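Here is the structure we will look at.
Here the structure is a predicted model, which means the values were calculated and not measured.
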Amino acid sequence: MKMINLGLPKSGTTTLQRALEASGVPSAHWAVAPVIGPANLEQLETYVGYRMYRDHFRGLDPLQGLAEFDVITQVDMVSDHYSFWPQTDLALLRSIRAHHPECTFLLLKRDPAKVAKSIVGWLDMQARLAKTGAPGLPAPFAQDAEYLEKWVTSHYANLRSWFDNDPKYVEVDIASEEARDVLEDCLGQKFEWWGKANKSRKPNAARHWTL
């Protein structure tokens with residue numbers, strides 16, 4: 001594993017994933033295969049976050065089930081009933097570091113207020129968070145964009161506290177002019193495409209999660 005992004009959704013993860021796909025880099029973006037239709041229990045093995053926790057709790061390398069990928073661009077998954085956020089779990093991240101000392105821990109970040117606004121505007125993501133919550137974000141507080149912003153800010157601060165002295169920890173603001181150069185340097189890979197992907201969309205009944 002060359003790099004794993006510990007950032008939150010709506011922070012440029014799809015842009016990074018598209019750049020890697022266009023450049024032929026094996027990468028996974030919250031799922032290891034396309035998810036067709038409403039999520040269901042049989043699909044749990046498809047999700048990056050589930051696989052990481054599955055092997056972590058077995059006492060194994062949390063990335064063991066993701067060995068075919070060079071980069072993980074998004075590790076979290078949230079549905080109506082399940083919520084996986086490996087990037088917020090220090091014990092799991094320490095295990096990854098022990099097994100993968102050369103893997104870059106990336107914080108792909110964006111202005112927290114803009115992340116919160118995008119969560120509110122992206123399909124039913126806010127509604128899912130308001131049902132299941134996430135570490136540091138109890139479910140009732142996900143209903144308020146101000147609290148979502150504070151959650152994002154706290155996540156950034158936590159990662160800095162945990163890994164600021166780690167030589168393989170890198171922070172990149174997706175909106176910065178140097179974002180592409182920094183990411184290319186980290187991976188030793190030139191991107192064939194770079195732009196802006198996955199703009200906010202309003203809910204669509206066909207895309208709602210029912211797991």
Item to complete: Report yes if the side chains of Val78 and Phe84 come closer than 4.5 Å at any heavy-atom pair, otherwise no.
Response: no
Item to complete: Taking the side chain as every heavy atom from C-beta outward, state whether Leu187 and Val25 have any atom pair closer than 4.5 Å.
Response: no
Worksheet entry | Joint cluster assignment, Leu159 & Leu148, ILVMFWY side-chain distance < 4.5 Å | yes
Discussion item. What's the separation between atom CD1 in Ile72 and atom CG in Leu6, rounded to the nearest 0.5 Å?
Written reply: 11.0 Å
Worksheet item: Got a donor-acceptor contact below 3.5 angstrom from the Arg18 side chain to the Trp194 backbone?
Response: no
Fill in: Electrostatic pair Lys131-Asp80, nearest N-O below 4.0 angstrom
yes
Fill in: Side chain Ser83, main chain Gly133, donor-acceptor under 3.5 Å
yes
Discussion item. Working to the nearest 0.5 angstrom, can you tell me the gap between Leu106 CG and Lys2 NZ?
Written reply: 14.5 Å
Worksheet item: Does Tyr53 reach the side chain of Asp89, with side-chain heavy atoms less than 4.5 Å apart?
Response: yes
Discussion item. With a 4.5 Å cut-off on side-chain heavy atoms, are Leu16 and Phe191 touching?
Written reply: yes
Item to complete: Check the side chains of Ser23 and Glu192 for a donor-acceptor pair under 3.5 angstrom, ignoring hydrogens and angles.
Response: no
Discussion item. So, taking the atom named OG1 in Thr104 and the one named CG in Asn5, what distance separates them when rounded to the nearest 0.5 Å?
Written reply: 11.5 Å
Discussion item. Looking at every heavy atom in both Pro62 and Asp55, which two are closest together, and how far apart are they?
Written reply: CA-CB, 4.2 Å
Worksheet item: Between OH of Tyr50 and CD of Glu45, what distance do you get to the nearest 0.5 Å?
Response: 5.0 Å
Worksheet item: Which value, rounded to the nearest 0.5 Å, describes the distance between Ser176 atom OG and Asp181 atom CG?
Response: 9.0 Å
Discussion item. Taking Ala28's backbone N and O only, do any of them form a donor-acceptor pair with Thr73's side chain (distance below 3.5 Å, no angle check)?
Written reply: yes
Discussion item. Does Phe141 have more than 12 heavy atoms from other residues, nucleotides or ligands lying within 6.0 Å of its CZ?
Written reply: no
Worksheet item: Among the clusters formed by ILVMFWY side chains lying less than 4.5 Å apart, do Val75 and Leu93 turn up in the same one?
Response: yes
Discussion item. Determine whether a donor-acceptor pair (N or O, by modelled atom type, separation under 3.5 Å) exists between the side chain of Arg128 and the backbone of Ser79.
Written reply: no
Fill in: Flag, side chain of Tyr156 to backbone of Arg110, donor-acceptor distance under 3.5 Å
yes
Worksheet item: Can we say Glu149 and Lys117 salt-bridge, meaning some charged N sits less than 4.0 Å from an Asp/Glu carboxylate O?
Response: no
Worksheet item: Taking atom types as modelled, is there a side-chain donor on Gln87 or Asp76 under 3.5 Å from an acceptor on the other?
Response: yes
Worksheet item: With a 6.0 Å cut-off on ring centres, are Trp85 and Trp30 close enough?
Response: no
Worksheet item: Is there side-chain contact between Tyr47 and Gln43, with at least one heavy-atom pair below 4.5 Å?
Response: yes
Fill in: Any donor-acceptor pair under 3.5 Å from Ser118 side chain to Lys114 backbone
yes
Worksheet entry | Thr132 and Tyr82: CA distance, side-chain angles, deciding distance, side chain to side chain contact (heavy atoms under 4.5 Å, CB included) verdict | CA-CA 7 Å; Thr132 63; Tyr82 290 88; over 6 Å; no
Worksheet item: Do Glu68 and Pro26 touch side chain to side chain, with heavy atoms closer than 4.5 Å?
Response: no
Discussion item. Please tell me whether Asp61 and His56 have a donor and an acceptor in their side chains that are separated by less than 3.5 angstrom.
Written reply: no
Worksheet item: Out of curiosity, does Val71 fall in the hydrophobic cluster containing Val48 (side-chain heavy atoms, cut-off under 4.5 Å, transitive links)?
Response: no
Worksheet item: Got a donor-acceptor contact below 3.5 angstrom from the Glu21 side chain to the Ser27 backbone?
Response: no
Donor-acceptor pairs under 3.5 Å, side chain of residues 166-175 to any protein atom, not counting sequence neighbours: which ones?
{"from": "Asp166", "atom 1": "OD1", "to": "Lys168", "atom 2": "N", "distance (Å)": "2.8"}
{"from": "Asp166", "atom 1": "OD2", "to": "Arg97", "atom 2": "NE", "distance (Å)": "2.8"}
{"from": "Asp166", "atom 1": "OD2", "to": "Arg97", "atom 2": "NH2", "distance (Å)": "3.1"}
{"from": "Tyr169", "atom 1": "OH", "to": "Glu171", "atom 2": "OE2", "distance (Å)": "2.9"}
{"from": "Glu171", "atom 1": "OE1", "to": "Lys109", "atom 2": "NZ", "distance (Å)": "2.9"}
{"from": "Glu171", "atom 1": "OE1", "to": "Arg160", "atom 2": "NE", "distance (Å)": "3.2"}
{"from": "Glu171", "atom 1": "OE1", "to": "Arg160", "atom 2": "NH2", "distance (Å)": "3.4"}
{"from": "Glu171", "atom 1": "OE2", "to": "Arg160", "atom 2": "NE", "distance (Å)": "2.7"}
{"from": "Asp173", "atom 1": "OD1", "to": "Ala175", "atom 2": "N", "distance (Å)": "2.9"}

Worksheet item: Going by atom types only, do Thr13 and His29 share a side-chain donor-acceptor pair under 3.5 Å?
Response: yes
Worksheet entry | Sub-4.5 Å side-chain heavy-atom contact between Asp70 and Met1 | no
Worksheet item: With a 4.5 Å heavy-atom cut-off, do Asn158 and Thr88 have their side chains touching?
Response: no
Discussion item. Would you compute the distance between atom CZ of Arg180 and atom CD of Glu184 and round it to the nearest 0.5 angstrom?
Written reply: 5.0 Å
Worksheet item: Is His155 reaching over with its side chain to a backbone N or O of Trp151, donor-acceptor style, under 3.5 angstrom?
Response: no
